[in-house]
Trainee: 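Below is the structure I would like to discuss, written out as structure tokens.
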Amino acid sequence: MGDIWRSNQREVIAVIVLAILLTLYFSTHPSGPTTYVMTIWANQCLILGLAAIAQFFAVIVRGIDLSVGAVMALTNCIASYLIIGTGLEVAGGILVVLAVGITCGLINGMLVVFGRIQPIVATLATGSLFLGIALLLRPTPGGSIDYDISDVMTLDIFGIPTTLIFALGIITFFWLPLRKTGLGTGLYAVGSSEQAAYQSGISVEKVRLASFALGGFFAALAGLFFSFVTTTGDAGIGPNFTLNSIAAVVLGGVLLRGGIGTLTGALAGAFILKTISSLMFFSGLPPLAQPLLEGLILAGAIAIGGADVLRVKNRLEVFGK
Amino acid sequence: MNNFKRLIPDIDVLVPYIGTLLLIITGSVIYPQILGVDYLAQQLQIAAFLGLLALGATIVILLGHIDLSIAWVLTGSAIISTALVGTGDPILSMLSIPIALIFGAGIGIINGLGVAVLRIPSMVWTLSVNSMLLGISVVLTGGFNPKGEASDIMVALATSQISGLPLAFIIWMLVTAALVLLLKKTSFGRYLSSVGYNEKATLLSGVSTPSVIIAAFSIAGICSAMGGVLLAGYANQAYQSMGDPFLLPTIAAVVIGGTSILGGRGSIAGTVGGVLFITLLNSILSVMQISDAWRSIIFGLIIITMLLFQSLRKKRT
């Protein structure tokens, strides 16, 4: 029991915090926990959640992805051209959007693996590239997304928000099985110690590439859901999502130095972050004070995570590995 | 032989300067006015804003950390200095620049404390400091552009010229020289790189690594604040999020200048070259009147090319 607690401590704390925030949110919301309120909340959370998952795949192998927002903007703009028309056209459009995301991820991965550029600067540069292409496609916001598919993806099934079911689906049918595969183990091995992973016969290069490709895939999914919610294409959506995705993975207990944390944690972190801002919106606090409070809560949460250091007896332990 | 080697600068440092020359040459083929004295002097003036920010960022990156609060330290110091001048009080107006710089140093110390004492990754901590500064500014200004104006001194610092050279450029060069001396001639400079290489070993050698980290972040804060004061003088006002477009070019300039993002290795001279390169690239792209989209694409591609050039060259040797 102790072991299970210790190995999942961070995620459990994140989920408890989320539950408390959520109770607060639904009790302060003027209309209470109706399906409608739940759906809007879940939609907003899932978009950031998917961006956080994209960030998670970069962070877990000891990288960082500053192009998450740009990939979202690019896929959002492409979606606003392609996801319209007959069922077949819509399905094809979704496939193209996801393929573009994976390609962006692979470009990042190849620059990091073969170009030997540090992830933070490589993705900084590719972010500028992807954003430029997005601006080329949509210099001003516009276009439209098929309403039927948008409704299906962003409303509810028997009173449960579709996006919430989707989030649970990702954990159950993608993340938990992935953990058991060689790639799942490889992600953690490469993130913890590249050298040890290499010497254990793991193909570090392939794992990194796969990880960045998965990151691109989830950034595209985030862009896709953003499109379903807004039903329009906008190249300017990126910057906020990039920074918030980093904050979300940290809140969810993923360590930026790699190797520690889970996809579930990243998702929970994103839900916490979004719930805090929704909570503020209905709390009756002066709107002008809200950005400051959001910043304070974020800094507080992160500082509490860092407070472990004050309990360390041997000063050298704080350096980690 | 060793002395001879020292005379030839490291190729990493030369790369951005060569890039800048290539830009000027190719640019002047299309637009001959690029070779004009006026145009080049104007570029040096504009480069000074990015240049000051990049100097601070280099110090922090040498340490193996990163400062993402640049944007709002810049905006904050611009708001503070213009607001003090805007009060009309001659004493407050005199003190506006020192107070703005103290503000920068103070935020730098907060950044450094979080990183050195609480051991929070600098990327997250400075990001949340940035969002708190944004929040404070929204509360204080009501989300509108703050009232106030730049003092005559600020305007002069940012826009006047001394024998053909922009004063802003001279300030940038003076700060550069001071930081080069600090890095080369003092023990602080050596500690900085050694913390970047291996913090544990540096602490075990008896260096108070937390003080080195806090000092480095406060230098970076002062540099960002100087950038903010000059930019406020240049625009004759402060405005919300005036610093946002500077963050990414700053980091790009440092990295193009050959400073390793992992810390320990790099140089101020390289950063200056990186700043000149990026300023000129942006300027030429806007002279050519191409759309934002293509500017962003070309910017990304050129930075990728330069990074690839640097890292693949190292791989060979």
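Below, chains carry the letters A, B, ... as their sequence lines are ordered, and counting in each starts from 1. FYI, side chains are in, hydrogens and waters are out, and symmetry mates aren't considered; it's all heavy atoms of this structure.
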Trainee: Measure B:Leu307 against the heavy atoms of chain A and call it side chain, backbone, both or neither at under 4.5 Å.
Mentor: both

Trainee: With a cut-off of 3.5 Å and sequence neighbours excluded, list every side-chain donor-acceptor pair involving residues 237-251 of chain A.
Mentor:
| residue | atom | partner | partner atom | Å |
| --- | --- | --- | --- | --- |
| A:Thr242 | OG1 | A:Gly69 | N | 3.0 |
| A:Asn244 | ND2 | A:Asn240 | O | 3.3 |
| A:Ser245 | OG | A:Gln55 | NE2 | 2.9 |
| A:Ser245 | OG | A:Phe241 | O | 3.3 |
| A:Ser245 | OG | A:Thr242 | O | 2.7 |

Trainee: Donor-acceptor pairs under 3.5 Å, side chain of residues 242-262 of chain B to any protein atom, not counting sequence neighbours: which ones?
Mentor:
| residue | atom | partner | partner atom | Å |
| --- | --- | --- | --- | --- |
| B:Thr250 | OG1 | B:Phe246 | O | 2.6 |
| B:Thr259 | OG1 | B:Ser267 | N | 3.4 |
| B:Ser260 | OG | B:Leu262 | N | 3.1 |

Trainee: Given that the side chain runs from C-beta out, which part of A:Leu296 has a heavy atom under 4.5 Å from chain B: side chain, backbone, both or neither?
Mentor: both

Trainee: Using non-hydrogen atoms only, which part of B:Ile66 is less than 4.5 Å away from chain A: side chain, backbone, both, or neither?
Mentor: side chain

Trainee: Heavy-atom pairs under 4.5 Å with chain A are the metric here; pick the option from B:Gly135, B:Ser131, B:Gly114, B:Pro121 that has the most.
Mentor: B:Gly135

Trainee: Apply side chain to side chain contact (heavy atoms under 4.5 Å, CB included) to the pair B:Val138 and A:Leu292, showing each step before the final yes or no.
Mentor: CA-CA 8 Å; B:Val138 169; A:Leu292 175 60; over 6 Å; no

Trainee: Heavy-atom pairs under 4.5 Å with chain B are the metric here; pick the option from A:Leu256, A:Leu124, A:Leu66 that has the most.
Mentor: A:Leu124

Trainee: If you count heavy-atom pairs within less than 4.5 Å of chain B, which of A:Leu255, A:Leu293, A:Ile120 leads?
Mentor: A:Ile120

Trainee: Could you tell me which residues in residues 126-137 of chain A have at least one non-hydrogen atom under 4.5 Å from a non-hydrogen atom of chain B, sorted by residue number?
Mentor: A:Thr126, A:Ser128, A:Leu129, A:Leu131, A:Gly132, A:Ile133, A:Leu135, A:Leu136

Trainee: Could you report the tightest heavy-atom contact between A:Gly115 and B:Leu308, atom names first, then the distance?
Mentor: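 Shortest heavy-atom contact: CA-CD2, 3.5 Å.
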
Trainee: Count the heavy-atom pairs under 4.5 Å between each of B:Phe299, B:Trp294, B:Trp125 and chain A, then report the option with the highest count.
Mentor: B:Trp294

Trainee: So which bits of residues 268-278 of chain A come within less than 4.5 Å of chain B, counting non-hydrogen atoms only?
Mentor: none

